[in-house]
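Accompanying notes for the structure given below.
By convention in this document, chain letters (A, B, ...) are assigned in the order of the sequence lines, proteins followed by strands, and residues within each chain are numbered from 1. Only heavy atoms go into these numbers, but all of them, side chains included; no hydrogens, no water, no symmetry mates. Computed from a prediction, not measured in an experiment: that's the story for all the values here.
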Amino acid sequence: MEAAATPTPDQGLDRRRAVAALLDRLPDALVVTGLGSPTYDAFAAGPRATTFHLWGAMGGAVPVALGLALAQPDRTVLAITGDGEQLMGIGSLATVAACAPANLTIVVLDNGHYGETGMQTSHTSLGTDLPVVARGFGIAHTHTVATMEEVESLAARADERAGTVYARVVIGLHETARALPPRDGVANKNSFRAALGLETF
Amino acid sequence: MSTPAQAPLWQESVFRVLKEAGIQQVAYVPDAGHAHAIAQARADPDITDVVLTSEEEGVGLVCGAWLGGQRAVLLMQSSGVGNCVNMFSLLSSCRFPFLTIVTMRGEYAEFNPWQGPMGRATQAALELMGITVLRVDDPMEVEETLGAAVDSAFLAGEQVAVLLGQKMIGRKKWEQD
């Protein structure tokens, strides 16, 4: 099948640079990362207590970020995930649109492939246009981000908390060094809450 | 949206317990048995109601709410439990407090055989994924049992499902009132 939209390694942003720039510009943001490479990208940018790394629960990044955004309306909340993880939880975009939290920004690192399982093509290589899908679900502000300048603009927009933002960041198929955060979800949950001044339970 | 003129008392008990427990996010897939709690949540300025496309979103949502310092509940029908199974791994991997209230189908006077398979597997599916199941068939016990589930979830950090039996919920009525 023709896969004209697939980014090649020399197209698309360096995922690590894009995520590092975004997190660097949003030091106070609360972050949820989808399993696989987005979790590694966020961790490679430096550990922070207010990042919750998913190591499983595929499709859960956006719903977790939504619950967090509703609970913390005065903080910028970022969901950073990949095209495959987003596709598995695609219905959650309708739920996000219905709630329309002004402080939630969804960032999908789209390389058109399932990186964790051997770089099989994903649906975004086969015709699915995520920003169009998000717009169709009712999210008003949808963007495709293809340059580092646009990453900067995206960070500024997220920081404004002026409406739910959906951004597809076009990334290349670069090899990245492994950067694995701890897999202890209990510790991650408790340190995240402690950073917000909350007890374990 | 209209609310039934008089909800069964047990349905009123459900919302009263959730309100007194300080629940601030109510996630749900629409369901007749939960109609009163959903309507009350929508009308309450201190509660955010979140209508889901699939129940598994609700598992993620309540975990996100907890990360951000709020208590949340997931209201669903027994068929929805099947939609959640892998997402339940989030609860045990991270030991999130979890409260869900499940209206049962596929058991008492069920007219639709398609509800049977998941209805019969609901309790076992929850337990296989490490969730404690409390079941209520007597409307007089709804308040007490749900209150116990609230304490287990939010004071002890446990994962609890309260199943509301189909006999208590009542037969599905086809005619318009």
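Ion pairing between a basic and an acidic side chain is recognised when a charged N comes within 4.0 Å of a carboxylate O; B:Arg135 and B:Glu127 show no such pairing.
Most heavy-atom pairs under 4.5 Å with chain A: of the set B:Phe154, B:Trp66, B:Phe96, this distinction falls to B:Trp66. No other option in B:Leu67, B:Leu90, B:Thr53 has as many heavy-atom pairs under 4.5 Å with chain A as B:Leu67. Listed options B:Ala27, B:Ser54, B:Ala156, B:Ala153 were ranked by heavy-atom pairs under 4.5 angstrom with chain A; first place goes to B:Ala156. The choice from A:Ala71, A:Gly185, A:Gly89 that makes the most heavy-atom pairs within less than 4.5 Å of chain B is A:Ala71.
Donor-acceptor pairing under 3.5 Å is lacking for the side chains of B:Glu107 and B:Gln166. Side-chain polar atoms of B:Gln77 and B:Tyr28 form no donor-acceptor pair below 3.5 angstrom. Remark: the A:His53 side chain and the A:Thr33 side chain contain an N/O donor-acceptor pair separated by less than 3.5 Å.
Among residues 133-142 of chain A, no residue has any heavy atom closer than 4.5 Å to a heavy atom of chain B.
Contact detail for B:Leu164 and B:Ile169: the closest heavy-atom pair is O-CD1, 3.3 Å.
Checked against salt bridge (Lys or Arg N to Asp or Glu O under 4.0 Å), A:Arg193 has no partners two or more places apart in sequence or in another chain.
In this structure, no portion of B:Gln24 lies under 4.5 Å from any heavy atom of chain A. Contacts of A:Leu30 with chain B are absent, with no heavy-atom separation under 4.5 Å from either backbone or side chain. Residue contact with chain B, scored on non-hydrogen atoms closer than 4.5 Å, involves the backbone and the side chain of A:Leu70 alike. Residue B:Ser93 touches chain A through its backbone alone, counting heavy-atom pairs closer than 4.5 Å. Neither the backbone nor the side chain of A:Thr50 comes within less than 4.5 Å of any heavy atom in chain B. Interface remark: A:Leu66 contributes backbone and side-chain atoms alike to the contact with chain B (heavy atom separation under 4.5 Å).
At least one donor-acceptor pair under 3.5 Å links the side chain of A:Asn103 to the backbone N or O of A:Arg75. At least one donor-acceptor pair closer than 3.5 Å links the side chain of A:Glu85 to the backbone N or O of A:Gly59.
Of the residues B:Met76, B:Gln123, B:Met129, B:Glu55, the one that meets the side-chain contact (heavy atoms from CB on, under 4.5 Å) test with B:Val81 is B:Met76.
Counting heavy atoms of neighbouring residues, nucleotides and ligands inside a 6.0 Å radius, atom CZ of B:Arg16 exceeds 12 of them.
Note on ring orientation: taking the six-membered ring where Trp is involved, the planes of A:Trp55 and A:Tyr40 are tilted (angle from 30° to 60°).
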